[in-house]
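Report on the following structure.
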Amino acid sequence: LDHWPDITVESIIKTHTKRLDTLLKERPSPANMLVIDVQGHEIQVIEGAGDSLYQFDFVVCEAYVEALYEDAATFASVSHVMFCHGYAPVTWVEGDAWFVKQSLIQVRL
């Protein structure tokens, strides 16, 4: 309400969800990039990916400096979780945080 006071809830739709690791077992994908935009539940998706997260070299998550939704992930909280899973932040553009697998980073002096 603070950010978009004119937006109202018109209806609620109940849906079934699956963990990302379950979905990828059912429907394998050769993709090396994962894009997550789940209205503040990015950390739950990351944690629900299990070991299948590591098939992705790049991960893009919606993440803002401050939470836009109640109990939503922030850039700081998503970055911490991604770092713990072996990913480093590369950039942040208009609410999207871009991460790369730390093992792919090369430092040249």
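These numbers come from the heavy atoms of this one structure, side chains and all, not from hydrogens, waters or symmetry mates. Position 1 is the first residue of the sequence; numbering continues from there.
Residues Tyr64 and Val93 are members of separate hydrophobic clusters, defined by side-chain heavy-atom contacts under 4.5 angstrom among Ile, Leu, Val, Met, Phe, Trp and Tyr. Note on Val81 and Val45: same hydrophobic cluster, where clusters join Ile, Leu, Val, Met, Phe, Trp and Tyr whose side-chain heavy atoms are under 4.5 Å apart, directly or indirectly.
Taking the side chain as every heavy atom from C-beta outward, Tyr87 and Leu53 approach each other to under 4.5 Å. Side chains of Phe99 and Ile46 form no contact here, defined as non-hydrogen atoms less than 4.5 Å apart.
Residues passing the side chain to side chain contact (heavy atoms under 4.5 Å, CB included) test with His80, sequence neighbours excluded: Cys84. For Ala76, the side chain to side chain contact (heavy atoms under 4.5 Å, CB included) criterion is met by Thr74, not counting sequence neighbours. Listed by chain and number, the residues in a salt bridge (Lys or Arg N to Asp or Glu O under 4.0 Å) with Glu94 amount to none (sequence neighbours excluded). Every residue two or more places apart in sequence or in another chain that forms a side chain to side chain contact (heavy atoms under 4.5 Å, CB included) with Ile12 is listed here: Val9.
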Can you give the donor-acceptor pairs under 3.5 Å from side chains of residues 31-42 to other protein atoms, not counting sequence neighbours?
residue : atom : partner : partner atom : Å
Asn32   : ND2  : Asp57   : OD2          : 3.2
Gln39   : NE2  : Tyr69   : OH           : 2.3
His41   : ND1  : Gln44   : NE2          : 3.4
Glu42   : OE1  : Gly40   : N            : 3.1
Glu42   : OE2  : Val38   : N            : 3.1

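Of all non-hydrogen atoms in Gln102 and Phe83, the two that sit nearest each other are NE2-CD1, 3.1 Å. The minimum heavy-atom distance linking Phe56 with Val59 is given by the pair CB-CG2, 4.3 Å.
Sorted by first then second residue, the salt bridge (Lys or Arg N to Asp or Glu O under 4.0 Å) pairs that include residues 10-28, not counting sequence neighbours, are Lys18-Glu26, Arg19-Asp21.
Once rounded to the nearest 0.5 Å, the distance linking CG of Leu20 with CD of Glu47 reads 12.0 Å. Rounding to the nearest 0.5 Å gives a distance of 12.0 Å between CG of Asp51 and CG of Leu24.
Ring planes of Trp92 and Phe75: perpendicular class, angle over 60° (limits at 30 and 60°).
Other members of a hydrophobic cluster containing Ile13 are absent, since no ILVMFWY side chain comes under 4.5 Å of it, directly or through relayed contacts.
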